[in-house]
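Data block below; observations after.
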Amino acid sequence: MDAVILAAGQGTRLRPLTDDKPKGMVEVAGKPILTHCFERLIELGASGLHVVVGYKKQAIINYYEDEFEGVPITYTHQREQKGLAHALLTVEEHIDDDFMLMLGDNIFEANLQDVVNRQREERADAAFLVEEVPWDEASRYGVCDTNKYGEITNVVEKPDDPPSNLVMTGFYTFSPAIFHACHLVQPSDRGEYEISDAVDLLLQSGRTIDAIRMNGWRTDVGYPEDRDAAEERLQGEVETEPVQSGVSTTSSGGE
């Protein structure tokens, strides 16, 4: 299963950290955020990495070149920042099967494998890692409603009045049907082509999308303080891991 990583944004809220680099290259615990993303995706069995670049793209291309840990990297360019659905369409010609999608400003130590496993069962057309957040934070994210079977029934992007506090986390699996939906999306009130609107079109067409509740943690590195929080979490896990035979093991993040 290939993986798509969206890393085209300017990271304006992360300034001054992004004055001279894209936010995917901001370091957390000694490594760029994108390196953390790539490592997790390769652990999940990614056979190819498709990176959507934009702002200061050459910094990413020069750093990683054409492979990471033996897995080939393909770059596509989002020339204008028009939303996640718009960014996803830049990789359409490279994807012909189910794939993973990760937002390139998230750091995960969580049960991502459960999402991949659900997609491979072929019962669902897509699967999302979701988490409950405080109600006053839900409006920052794409908010989901689910039915009693754990299937997503509605998604709304950054609502002023959230219908729930269950939010999308930035890790998804999709079938190629998502590309057709992205082509049909119209600009939102924010002037962007929203991935949540594409998801809503999938739901309207009768597709099944499963919500997998997060076990573990993730940090959306949107502000400088988020970078600091992610570093503390990562360093805390390393410090508290048991040592056996002189080797410190790495947390599996609940997988």
Side-chain angles (χ1 to χ4, degrees), residues 3-44 46 49-61 63-64 68 73 75-78 80-88 90-91 99-110 112 115 128-131 133 137-143 157-158 167-174 190 192-196 199 214 216-235 253:
V4 175
I5 306 93
L6 303 185
Q10 294 188 26
T12 55
R13 296 174 301 174
L14 262 176
R15 289 176 177 163
L17 299 176
T18 52
D19 284 345
D20 61 349
K21 63 173 71 72
K23 61 181 175 178
M25 295 305 296
V26 171
E27 290 197 353
V28 177
K31 295 187 287 190
I33 297 171
L34 281 175
T35 294
H36 291 280
C37 294
F38 293 171
E39 288 175 345
R40 297 296 285 130
L41 291 165
I42 289 172
E43 287 174 8
L44 295 168
L49 301 170
H50 302 274
V51 185
V52 182
V53 295
Y55 174 70
K56 295 189 179 298
K57 64 177 183 177
Q58 208 59 45
I60 296 173
I61 296 170
Y63 188 86
Y64 294 104
F68 181 82
I73 299 176
Y75 299 97
T76 59
H77 186 196
Q78 186 186 24
E80 298 179 81
Q81 308 304 302
K82 292 186 176 181
L84 300 187
H86 179 264
L88 186 55
T90 67
V91 305
F99 66 97
M100 298 177 273
L101 173 65
M102 181 177 284
L103 304 189
D105 54 5
N106 280 245
I107 292 179
F108 290 94
E109 287 293 332
L112 306 185
V115 183
F128 301 165
L129 190 71
V130 301
E131 70 169 325
V133 299
E137 295 181 13
S139 60
R140 292 175 53 188
Y141 304 101
V143 178
E157 188 68 28
K158 296 180 174 63
V167 304
M168 298 189 289
T169 64
F171 182 72
Y172 320 75
T173 54
F174 286 110
R190 301 193 304 156
E192 295 191 0
Y193 296 84
E194 312 282 4
I195 191 71
S196 55
V199 169
M214 186 170 69
W217 63 265
R218 64 105 187 196
T219 299
D220 174 5
V221 186
Y223 296 88
E225 56 266 30
D226 296 327
R227 192 275 300 265
D228 298 339
E231 282 197 335
E232 290 178 6
R233 277 177 141 171
L234 288 169
Q235 291 168 352

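Just so you know, these numbers come straight off a predicted model, no measurement behind them.
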Check whether any side-chain heavy atom of [X] sits under 4.5 Å from a side-chain heavy atom of [Y], and report yes or no.
| X | Y | answer |
| --- | --- | --- |
| Phe108 | Met102 | yes |
| Met100 | Phe171 | yes |
| Leu103 | Leu84 | yes |
| Leu88 | Phe99 | yes |

Spacing of [X] atom [atom1] and [Y] atom [atom2] [to the nearest 0.5 Å]:
| X | Y | atom1 | atom2 | result |
| --- | --- | --- | --- | --- |
| Thr219 | Glu231 | OG1 | CD | 11.0 Å |
| Ile60 | Ile5 | CD1 | CD1 | 10.5 Å |
| Lys82 | Glu194 | NZ | CD | 13.5 Å |
| Met214 | Leu112 | CE | CG | 9.5 Å |
| Asp105 | Asp226 | CG | CG | 9.5 Å |

message = Taking Glu131 first and then Arg218, would you say they form a salt bridge - that is, a charged N and a carboxylate O separated by under 4.0 Å?
response =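 Looking at Arg218 together with Glu131, the answer is yes, because their closest N to O distance falls below 4.0 Å.
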Closest approach of [X] to [Y] (non-hydrogen atoms, all atoms of both residues):
| X | Y | answer |
| --- | --- | --- |
| Ser196 | Met168 | CB-CE, 4.4 Å |
| Ala230 | Ile107 | CB-CD1, 4.2 Å |
| Asp20 | Lys56 | C-CD, 3.6 Å |

CD/Glu80: more than 12 non-hydrogen atoms of other groups inside 6.0 Å =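 At most 12 heavy atoms, drawn from other residues, nucleotides or ligands, come within 6.0 Å of this atom.
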key: Thr169 (side chain) donor-acceptor with Leu129 (main chain) under 3.5 angstrom   =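 Flag set: sc Thr169 to bb Leu129 pair under 3.5 Å.
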ask   = Do Arg40 side-chain atoms and Ala110 backbone N/O form a donor-acceptor pair below 3.5 Å?
value =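 Confirmed, Arg40 side chain pairs with Ala110 backbone.
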key: Full working for side-chain contact (heavy atoms from CB on, under 4.5 Å) between Phe174 and Phe128   = CA-CA 9 Å; Phe174 286 110; Phe128 301 165; 3.6 Å; yes
message = Using side-chain contact (heavy atoms from CB on, under 4.5 Å), reason through Glu157 and Glu192 one step at a time and then give a plain yes or no.
response = CA-CA 11 Å; Glu157 188 68 28; Glu192 295 191 0; over 6 Å; no
request  = Begin with the C-alpha distance, continue with both residues' side-chain angles, and end with the deciding distance and a verdict on side-chain contact (heavy atoms from CB on, under 4.5 Å) for Glu109 and Leu234.
outcome  = CA-CA 9 Å; Glu109 287 293 332; Leu234 288 169; 4.1 Å; yes
query = By side-chain contact (heavy atoms from CB on, under 4.5 Å), which residues pair with Tyr55, not counting sequence neighbours?
reply =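 Listed in chain order: Gln10, Pro22.
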For a quick test of your reading: what N or O donor-acceptor pairs under 3.5 Å do the side chains of residues 24-38 make, sequence neighbours left out?
{"residue": "Lys31", "atom": "NZ", "partner": "Glu39", "partner atom": "OE1", "Å": "2.8"}
{"residue": "Lys31", "atom": "NZ", "partner": "Glu39", "partner atom": "OE2", "Å": "3.2"}
{"residue": "Thr35", "atom": "OG1", "partner": "Tyr64", "partner atom": "OH", "Å": "2.7"}
{"residue": "His36", "atom": "NE2", "partner": "Val28", "partner atom": "O", "Å": "2.8"}

message = Show, in sequence, the C-alpha distance, side-chain angles and deciding distance for Tyr75 and Lys57, and conclude whether the side-chain contact (heavy atoms from CB on, under 4.5 Å) test is met.
response = CA-CA 9 Å; Tyr75 299 97; Lys57 64 177 183 177; over 6 Å; no
